[in-house]
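Before any comments, here is the structure.
Every chain is numbered from 1, with letters handed out A, B, ... down the list of sequences. The model shown is predicted, which means the values in this text are computed figures rather than measured ones.
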2 protein chains.
Amino acid sequence: MQTDTKHLSRKMRRGEIFAVQCPSREILKHVTSRWGVLILVALMEGTHRFSELRRKVGEVSEKMLAQTLQQLEQDGFVNRVSHPVVPPHVEYSLTPLGLGVGQQVEALTDWIEMNLPKIMAARQS
Amino acid sequence: MQTDTKHLSRKMRRGEIFAVQCPSREILKHVTSRWGVLILVALMEGTHRFSELRRKVGEVSEKMLAQTLQQLEQDGFVNRVSHPVVPPHVEYSLTPLGLGVGQQVEALTDWIEMNLPKIMAARQS
DNA sequence: CGGAATCCAAGATGATACTG
DNA sequence: CAGTATCATCTTGGATTCCG
């Protein structure tokens, strides 16, 4: 089977993100949303329950956590498994696709943390 | 000279992004803002003038473009050079630091575009 | 516990007009 | 051209309440 992901050659115009109607924009919006980034990074360490994520991410309301998780689930990045017991037990994890974005996003956050000293030094005002 | 960027070992808790008061959150917010991402990617291709950026990014108001550029400039990612002529001529480019984040951000957008087929296929609803 | 629903405050974004 | 200022709006995000 040949992969169907067409590789973007280095110099290929990958300017499609600039196209307003491009679905990429929508995905990008979900991924880079305020809580999307944090949730993806958190899930990179493995399966988490709702309340675990809530504690780990910190300062996120139930509403936004649920909402963001639903978006990520819709985009096929997050897997939601509900155990029908009482009290309810729901587990969230990354799909293979989610692992992919997760790596990219984690690379970004890692870069920022690693370069934070330089950044803070270069900051004006 | 030895680099002062301490490398994050694979398993190191790089959970500092989760700390609410961490400056990383602020930087991350700017970088992943609606227009921050697009602007950084656009500038990866070289110096641009204000109106060039405006046309390239697309659908961005003057206000938001100016505002986001100021944030990125403050964070030390973008260089602003104003030629005091009439009509005004201002050029924006990436600083070395900006090139760093730019690469991370571009990696993310590239990944999304490359995997868009898979993503759209996996999407529910 | 893990949400859904509602209401409301705050912030982000946009359209327009004006200026150096 | 490259902004700034102002005002209108639209979207986010949070607090609260209720339910299975």
With a 4.0 Å limit, can you tell me whether K29(A) has a side-chain N or O closer than that to the phosphate oxygens OP1/OP2 of dT12(D)?
yes
Grab the CD-P distance between E59(A) and dG14(D) for me, whole Å please.
8 Å
Is there a side-chain contact between R55(B) and the phosphate of dC1(D), meaning an N or O under 4.0 Å from OP1 or OP2?
no
Nearest 0.5 Å please: distance from the CG atom of L43(A) over to the CG atom of L94(A).
4.5 Å
Could E91(A) and R80(A) be called an ion pair, given the rule that one side-chain N must be under 4.0 Å from one carboxylate O?
no
Please tabulate, one pair per line, all N/O donor-acceptor pairs under 3.5 Å involving side-chain atoms of residues 31-42 of chain B, not counting sequence neighbours.
| unit_1 | atom_1 | unit_2 | atom_2 | d |
| --- | --- | --- | --- | --- |
| T32(B) | OG1 | L28(B) | O | 2.7 |
| S33(B) | OG | H30(B) | O | 2.9 |
| S33(B) | OG | G36(B) | N | 3.0 |

How many angstroms lie between atom CE of M114(B) and atom CD1 of I119(B), to the nearest 0.5 angstrom?
10.5 Å
Output the distance between atom CG (L65(A)) and atom NZ (K56(A)), rounded to the nearest 0.5 Å.
13.0 Å
Do any side-chain nitrogens or oxygens of S51(A) fall under 4.0 Å of OP1 or OP2 in dG2(C)?
yes
R54(B) CZ to dT13(C) P, in whole Å, measures 15 Å
Should the ring pair F50(B) and Y92(B) be called parallel, tilted or perpendicular, given that the plane angle runs from 0 to 90° and is split at 30 and 60?
tilted
What is the separation between atom CZ on F50(A) and atom P on dG20(D), rounded to the nearest whole Å?
18 Å
Nearest-angstrom distance from the residue atom CD of E26(A) to P of dT11(D):
12 Å
Roughly how many Å is it from NE2 in H83(B) to P in dG3(D), rounded to a whole number?
12 Å
Any side-chain to backbone donor/acceptor pair from S82(B) onto V90(B)? Under 3.5 Å, distance only.
no
Between dG2(C) and R49(A), is there an OP1 or OP2 to side-chain N/O distance shorter than 4.0 Å?
yes
Parallel, tilted or perpendicular: which describes the rings of H89(A) and H83(A), with under 30° parallel and over 60° perpendicular?
perpendicular
Once you round it to whole Å, what is the distance between P of dC1(D) and CD of E91(B)?
15 Å
Given dG2(C), dG13(D), dG3(D), which nucleotide is nearest the side-chain atoms of R80(A)?
dG2(C)
R34(A) CZ to dA12(C) C1', straight-line distance once rounded to whole Å:
12 Å
Short side-chain N/O contact from Y92(B) to OP1 or OP2 of dC1(D), under 4.0 Å
no
Polar-atom pairs under 3.5 Å, protein N or O versus N or O of nucleotides 15-20 of chain C: list them with distances, or write none.
none

Any residue in residues 66-79 of chain A with a heavy atom nearer than 4.0 angstrom to DNA chain C? Just list them by number, or reply none.
Q70(A)
Rounded distance (Å) that lies between atom P of dG11(C) and atom CE of M64(B):
14 Å
Distance, nearest 0.5 Å, that separates CZ of R123(A) from CG of L116(A)
9.0 Å
